[in-house]
Amino acid sequence: MLALLLLVHAAFRPVLFGDAPIQRELLLGESIERKRRGIERTLLADRSPIGEWFNGKEREQVEEAIWLSPELISRWLGWQQSREGWSPTEVQKRWNVARDRFNGKMTFVVRLTAFPKVDPLEGAGEPARLVDDLSDARGAVTYDGPKKSPHQHAATQNLLLQRLTENTPQEVLSAKWQSLPPFDDVLNGTFSASGSDTIDPNLDFGLGDYSGALWLEQCDIPSDLYGRKNFDLQIVTAHKKRVAHFSLLRPKHEKPKVFRLHF
């Protein structure tokens, strides 16, 4: 029975922060950096695309939800450790901040956009619609309950981190959520500019045709989420509903081959 319980436990991803980063994910983050891949590659299954935009040539993913899971935090710190030569003490210090801040919570960053419609022949098209929706969003974690029970629903607290109006889509899509509180002192690199001194996110003085917003969505971990195979994050605005899908089953991947730094 104990062996069966351990096997079942090993099949599911952790949702609670332990005393130290998850070693296998820390190593995976290091491996990603040593292959000279960007830090965004550490998002893996913790990133879910929730919206597309036709740029005149092809459909492009421009909206996303990112789950700040213990595994993602571990991979991110592993990438930064490899990139900047952080000591184990520095990694542990940042992990401790993340654990104190996010343990017992489901924490998400959501990127929403409102871009103008592009005509494939003429280029210019209709102005962006639903721009006002970016300033008011509501979230909920949903998942299947036990047999013969209704779909479960846990509303999130919603905080607007940053509101953007720019001249190009790249300026909106490159906005770095990790440089904003409450993530900056955990995930920001040594040489990254801090976003702690940003202006009130509700004030938007930008000019341009491309709009975006970064939202923090957070709720307590539902007690009956344990043992579920997956869950969704629903993001609702005045005129649109977006759904992000996340798996709680551990993906099967090979153990990364890495060169370890020794301090």
Distance-minimising heavy-atom pair for [X] and [Y]:
{"X": "Arg94", "Y": "Val186", "answer": "NH1-O, 3.1 Å"}
{"X": "Leu173", "Y": "Glu60", "answer": "CD1-OE2, 3.7 Å"}
{"X": "Asp220", "Y": "Met106", "answer": "O-CG, 4.4 Å"}
{"X": "Ile50", "Y": "Val243", "answer": "CG2-O, 3.6 Å"}
{"X": "Glu217", "Y": "Thr156", "answer": "OE1-OG1, 2.8 Å"}
{"X": "Arg59", "Y": "Phe54", "answer": "NH1-CB, 3.9 Å"}

Atom [atom1] of [X]: over 12 foreign heavy atoms under 6.0 Å:
{"X": "Asp19", "atom1": "CG", "result": "no"}
{"X": "Asp132", "atom1": "CG", "result": "no"}
{"X": "Gln157", "atom1": "CD", "result": "no"}
{"X": "Arg83", "atom1": "CZ", "result": "no"}

Using 0.5 Å steps for rounding, measure from the [atom1] atom of [X] to the [atom2] atom of [Y].
{"X": "Lys241", "Y": "Thr237", "atom1": "NZ", "atom2": "OG1", "value": "11.5 Å"}
{"X": "Arg111", "Y": "Glu63", "atom1": "CZ", "atom2": "CD", "value": "10.0 Å"}
{"X": "Thr42", "Y": "Glu71", "atom1": "OG1", "atom2": "CD", "value": "12.0 Å"}
{"X": "Leu187", "Y": "Leu77", "atom1": "CG", "atom2": "CG", "value": "6.5 Å"}
{"X": "Ile22", "Y": "Ser69", "atom1": "CD1", "atom2": "OG", "value": "7.0 Å"}
{"X": "Gln234", "Y": "Thr142", "atom1": "CD", "atom2": "OG1", "value": "4.0 Å"}

For the pair [X] and [Y], name the ring-plane relationship: parallel under 30°, tilted 30 to 60°, perpendicular over 60°.
{"X": "Phe17", "Y": "Trp95", "value": "tilted"}
{"X": "Phe231", "Y": "Trp67", "value": "perpendicular"}
{"X": "Trp53", "Y": "Phe115", "value": "perpendicular"}

Query raised in the report: Does the pair Arg242/Asp133 count as a salt bridge with the N-to-O cut at 4.0 Å?
Result: no
Between [X] and [Y], do the side chains contain an N or O donor and an N or O acceptor separated by less than 3.5 Å?
{"X": "Trp86", "Y": "Glu84", "value": "yes"}
{"X": "Glu25", "Y": "Ser74", "value": "no"}
{"X": "Asn230", "Y": "Ser247", "value": "no"}

For a 4.5 angstrom cut-off between non-hydrogen side-chain atoms, does [X] reach [Y]?
{"X": "Leu160", "Y": "Asp136", "result": "no"}
{"X": "Lys240", "Y": "Leu112", "result": "no"}
{"X": "Trp215", "Y": "Leu159", "result": "no"}
{"X": "Pro182", "Y": "Thr107", "result": "no"}
{"X": "Ile73", "Y": "Leu68", "result": "yes"}
{"X": "Glu64", "Y": "Val110", "result": "no"}
{"X": "Leu28", "Y": "Arg24", "result": "no"}
{"X": "Pro21", "Y": "Gln92", "result": "yes"}

Query raised in the report: If only atom types and distance count, is the side chain of Asp209 paired as donor or acceptor with the main-chain N or O of Ala128 below 3.5 Å?
Result: no
Query raised in the report: Taking the side chain from Arg75 and the backbone from Leu43, do they hold a donor-acceptor pair closer than 3.5 Å?
Result: yes
Query raised in the report: Do the two ring centres, one from Phe246 and one from Tyr143, sit under 6.0 Å apart?
Result: no
Query - Test side-chain contact (heavy atoms from CB on, under 4.5 Å) applied to Leu164 and Leu134, step by step - result: CA-CA 10 Å; Leu164 300 154; Leu134 303 181; over 6 Å; no
Report task. Report the C-alpha separation of Tyr226 and Leu248 in whole Å, then their side-chain angles, then the decisive distance to 0.1 Å, and conclude whether the side-chain contact (heavy atoms from CB on, under 4.5 Å) test is met. Result -> CA-CA 9 Å; Tyr226 297 98; Leu248 288 171; over 6 Å; no
Requested in this report: Check step by step if side-chain contact (heavy atoms from CB on, under 4.5 Å) holds for Leu72 and Ile66.
Outcome: CA-CA 9 Å; Leu72 171 56; Ile66 299 169; 3.7 Å; yes
Report task. May I ask whether Leu216 and Val236 are part of the same hydrophobic cluster, defined by side-chain heavy atoms of I, L, V, M, F, W, Y residues being less than 4.5 angstrom apart, directly or through others? Result -> no
Requested in this report: Under the side-chain contact (heavy atoms from CB on, under 4.5 Å) rule, what do Thr165 and Val131 come out as? Steps first, then yes or no, please.
Outcome: CA-CA 10 Å; Thr165 304; Val131 175; over 6 Å; no
